[in-house]
Amino acid sequence: MFKLFKNFTKKDILLVIICISFVVFQVFLDLKLPDYMSEITRLIQTEGSTLSEILVQGGFMLACAFGSLATAVLVGFLASRLSASFTKTLRKKIFVKVEKFGMAEIKNFSTSSLITRTTNDVTQIEMIIAMGLQMLCKAPIMAVWAVLKIVNKSLEWSILTAVLVGVLLLTIGILMIIVLPRFERVQKLIDKVNSVTRENLTGIRVIRAFNAEEFQENRFEEVNNTLTNTQLFNQRCFSILNPIMNLIMHSLSLGIYFIGAFLIEKAGMQMKITLFSDMVVFTSYGMQVIMSFLMLAMIFMMWPRAQVSARRINEILETEESLKNGDFKGNTKEIGTVEFKNVSFKYPDADEYLLKNISFKVNKGETIAFIGSTGSGKSTLINLVPRFYDATDGEVLVDGVNVKEYDFENLYNKLGYVSQKAFMFTSSIKENVAYGKSNNKKTQEVIEEAIKVAQGEEFVLKMDKKYDSHIARGGTNVSGGQKQRLSIARAIARDPEIYIFDDSFSALDYQTDATLRRELKKHTKDSTSMIVAQRIGTIMNADKIVVLDKGKCVGIGTHKELLKKCAVYKEIALSQLSKEELENA
């Protein structure tokens, strides 16, 4: 928990100091009230006392009460401002940290867990800071100060107060031992609820198509009931605190008066007045001690969950990124080249290599394609260029420089990436195509030209607002082929040195595919293109074709060369096209 506090800014630390100062002042005012009450009691029992003297002391009591109220309001305001400011900074740090994660770290945490940690867990920290500054600081100060005030009043009353405080602390300790492990389980169950809900929303079409609504409801009900029952158990445990607190407070009052009655009865006349005054004061201070521990008890109810949340947040912030940013930002001797030198790759948690000893080079203006059976490692290989993963062995060079040496921004400015699964952001068509920073300025003309080359002009111009038409989250209001064309347009608008197409033509019909590739070839004649595809027709005109089989390169060459010398490529080609079509290609 305390590790998080190193994220406090200087402004936050200043606010903490101011809050604690006001809390100390508030405690001082609260503990002055019994002194004035004692003085009023003494004046009432003293002959010759005037009403004006009593009213003066009463006026001081009212001033302390209003001062304490005003200070409490001010502390509450400052604490809320501090907690909101701190959690804003914390959310930003988590967001920025997650942005730096490689795919390995993302998979390790899971998307639903990262969402919970950024929202629910941060909210728990916000609550503990807001309440903590008002109660956690106030409680020990008040307890110690009040104890010092009463320690010399009466041994019997002090022992009674100590015993009851001990009972309260024992109860809190037992509850902490029982409840703390279950709070960690609660946060994991919230992750699971988020995961099931997210899965249900994203897979709604499949769920309806297979009449699986009841199955999904049962899945959600199971995890939801588990979360509810765990929370109910925790709250039932904490509900014991309230009656115990009331019992202790009333027992303290009753005990003080019971002991006081015996002490006053045995005392002389002069001592009776003093003892009665001390009893009134001790009762007030005793209540202040119990109230301070009551505030601690309220914090202890929130602390376990906040502790678990803090640990989960620290797991993100302290995770070491597997992908380290390089510092190369200079000019390169080569332009538009990509080279793999004896590259092998396996996932961090895997035992076997997915790619083994891959070597090739593609030069500026050339097109290189990758084909192979499902699971042969095509997408994994091409994802090593933008460093979604780093090669386990060997080197991946862009423009003659190892990609590990590049500053991320400098590397990405060289690339135009089109992912296997086309993704659209919630904004207009124009904003989606012009998305991200690049070396060139994306004017309206550039955007329109990119959409035209990607064969998207036809459907875009039919929309109500044309280029300003709205795209829903994930592109749910356009078809799969339209999303792919807009994704390709987004890469074209960057005008990069190197294009990476990761099976980006699969949702297109053959005619659109052929037209797009023909126009793309004209537009990208000075750029390097790397294409992953399943269709022979998409790649047969590539300058080089790399054939992968079980993670190994089994052939490199042109379409005609591979038909003659690579059995795997010929088998794939004959499964898609007839012998006559291949000969005439």
Using modelled atom types only, decide if a donor and an acceptor are shared between the side chain of [X] and the backbone of [Y] within a distance under 3.5 Å.
X	Y	value
N477	H470	yes
R494	L415	yes
S373	S376	no
R485	G480	no
S253	H250	no
S479	Q482	yes
K378	G372	yes
N225	E221	yes

Which heavy atom in [X] sits nearest to a heavy atom in [Y], and how many Å separate them?
X	Y	answer
I316	I94	CD1-CG2, 4.1 Å
V403	V385	CG1-O, 3.7 Å
L160	I256	CD2-N, 3.7 Å
A306	I128	CB-CB, 3.9 Å
G416	A491	C-CB, 4.0 Å
F345	A391	CD1-CA, 4.3 Å

Discussion item. Can you list everything that forms a side chain to side chain donor-acceptor pair (under 3.5 Å) with Y353? Sequence neighbours excluded, please.
Written reply: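 D393.
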
Worksheet item: Given L78 and L74, is the side-chain contact (heavy atoms from CB on, under 4.5 Å) satisfied, shown in steps?
Response: CA-CA 6 Å; L78 292 174; L74 186 58; 4.2 Å; yes

Donor on one side chain, acceptor on other, [X] and [Y], under 3.5 Å:
X	Y	answer
S427	N432	yes
T380	Y347	yes
Y417	N383	yes
D191	T116	yes

Item to complete: Step by step, work out the ring-ring contact (aromatic ring centres under 6.0 Å, His included) result for F22 and F28.
Response: CA-CA 10 Å; F22 279 119; F28 169 77; over 10 Å; no

Do other residues, nucleotides or ligands put more than 12 heavy atoms under 6.0 Å from [X] [atom1]?
X	atom1	answer
E213	CD	yes
F423	CZ	yes
K97	NZ	yes
D464	CG	no
K550	NZ	no
E409	CD	no
K483	NZ	yes
Y412	OH	yes

Would you compute the distance between atom [atom1] of [X] and atom [atom2] of [Y] and round it to the nearest 0.5 angstrom?
X	Y	atom1	atom2	value
L355	L548	CG	CG	7.0 Å
M61	L29	CE	CG	12.5 Å
I190	R117	CD1	CZ	12.0 Å
E126	L90	CD	CG	10.0 Å
S419	D502	OG	CG	7.5 Å
E315	T319	CD	OG1	7.0 Å

Discussion item. Between R490 and F425, does the side-chain contact (heavy atoms from CB on, under 4.5 Å) criterion hold? Intermediate values first, please.
Written reply: CA-CA 12 Å; R490 183 162 56 203; F425 296 91; 3.8 Å; yes

Discussion item. With ring-ring contact (aromatic ring centres under 6.0 Å, His included) as the criterion, how do Y406 and F408 come out once you've worked through the C-alpha distance, each side chain's angles and the decisive distance to 0.1 Å?
Written reply: CA-CA 6 Å; Y406 274 101; F408 282 127; over 10 Å; no

Do any side-chain atoms of residues 230-241 form donor-acceptor pairs under 3.5 angstrom with protein atoms, and if so which ones, sequence neighbours left out?
{"residue": "T230", "atom": "OG1", "partner": "T226", "partner atom": "O", "Å": "2.7"}
{"residue": "N234", "atom": "ND2", "partner": "T230", "partner atom": "O", "Å": "3.4"}
{"residue": "S239", "atom": "OG", "partner": "R236", "partner atom": "O", "Å": "2.5"}

Any non-hydrogen side-chain atom of [X] less than 4.5 Å from a side-chain atom of [Y]?
X	Y	value
T123	R91	yes
M424	I471	yes
L168	L164	no

Fill in: Candidates T197, V193, T228 - the one meeting side-chain contact (heavy atoms from CB on, under 4.5 Å) with V223
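With V223 as partner, T197, V193, T228 yield a single side-chain contact (heavy atoms from CB on, under 4.5 Å), made by V193.
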
Discussion item. I need the full list of side-chain hydrogen bond (donor to acceptor under 3.5 Å, both in side chains) pairs touching residues 62-72, with sequence neighbours left out, sorted by first then second residue.
Written reply: D30-S68

